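Single-structure report; data block below.
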Amino acid sequence: MDTPTSHPRKQVLLKFFLLCLLMISYFGYLSYEYDLVTGGVASLLTWSFFVLCTPVADAGFLLDFPLRLLFGIRMVVSEIAVWAIAILLNVVSFSFFPQYYDTTIVTRLLQKIITTPYPYGLIVILSGIGTFLSIRFGDELMDVLHHHDRHFFHKNHFKHELVLIVFFVMVLFGYYELIVSLGIDQQF
């Protein structure tokens with residue numbers, strides 16, 4: 001018999017499984033196109049692009065939300081670990097086998113961002129700000145849902161949260177302007 005609390009966990013596990021299946025399929029495709037090592041490294045670099053170069057916790061969210069829901073680990077803690085792994089992966093890849101950045105459009109874009117710290121390093125900075133703001137908001141939302149306190153935002157720091165949301169929108173706007181300056185639309 002399903003309890004009300006097990007239903008969301010099943011949904012999270014299903015979504016986690018589907019995202020893992022998508023990542024494995026992408027790895028399989030790249031391995032078929034190139035070879036096993038190239039496919040693996042290119043898949044990991046693509047994952048790191050979505051961690052480091054998008055202003056929401058999308059690639060990290062693959063781990064953050066399930067870890068929070070299943071084990072109570074705060075999403076900000078797991079996201080710090082995700083960012084550390086993504087940065088380390090790029091340091092090692094760029095130092096020892098930079099040829100793997102030439103495999104896909106996303107990895108070439110990642111290489112351009114890494115090798116052009118000004119102005120494109122700002123993409124990583126804005127992505128970090130946006131990611132950790134969204135994770136902070138997500139953690140607080142999970143706290144509210146966990147405590148069943150529907151009036152949390154009215155009693156606690158609503159103005160502070162509003163300022164954070166406005167700041168997040170400004171980060172997204174700055175991020176968009178930098179991405180447009182990369183000329184991505186001309187690559188497709």
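From a predicted model like this one, the values you see are computed outputs, not experimental measurements.
One finds the CZ atom of F49 at 7.0 Å from the OG1 atom of T54 (value rounded to the nearest 0.5 Å). Note: T115 OG1 to L110 CG = 9.5 Å, rounded to the nearest 0.5 Å.
Between the side chain of S48 and the main chain of I87, no donor-acceptor pair closer than 3.5 Å is present.
Following chains of ILVMFWY side-chain contacts shorter than 4.5 Å, one can reach F50 starting from L88, so the two form part of one hydrophobic cluster. L30 and W47 fall into different hydrophobic clusters, where Ile, Leu, Val, Met, Phe, Trp and Tyr side chains are chained together by heavy-atom contacts under 4.5 Å.
Partner of C53 under the side chain to side chain contact (heavy atoms under 4.5 Å, CB included) criterion, chosen from V124, L109, V106: V124.
Evaluation of the ring pair (Phe, Tyr, Trp, His ring centres under 6.0 Å) rule for F94 yields Y101 as partners, not counting sequence neighbours. In this view, I24 satisfies the side chain to side chain contact (heavy atoms under 4.5 Å, CB included) rule with no residue, not counting sequence neighbours. Partners of T107 according to the side-chain hydrogen bond (donor to acceptor under 3.5 Å, both in side chains) rule, which considers only residues two or more places apart in sequence or in another chain, are T103, T104. By the side chain to side chain contact (heavy atoms under 4.5 Å, CB included) test, Y100 is found to be paired with V37, T38, V41, L45, F97, residues two or more places apart in sequence or in another chain being considered. Remark: Y26 pairs with T46 by the side-chain hydrogen bond (donor to acceptor under 3.5 Å, both in side chains) rule, at least two apart or across chains.
Taking both residues in full, the closest heavy atoms of Q111 and D102 are given as OE1-OD1, 3.5 Å, listed atom of the first, atom of the second, then distance. Minimum interatomic distance between T131 and E79 (heavy atoms only, all atoms of both residues): CG2-OE2, 3.3 Å. Closest non-hydrogen pair, S43 versus G39, comes out as OG-O, 2.7 Å.
Applying the side-chain hydrogen bond (donor to acceptor under 3.5 Å, both in side chains) test to residues at least two apart or on different chains, none of the pairs has a partner in residues 116-129.
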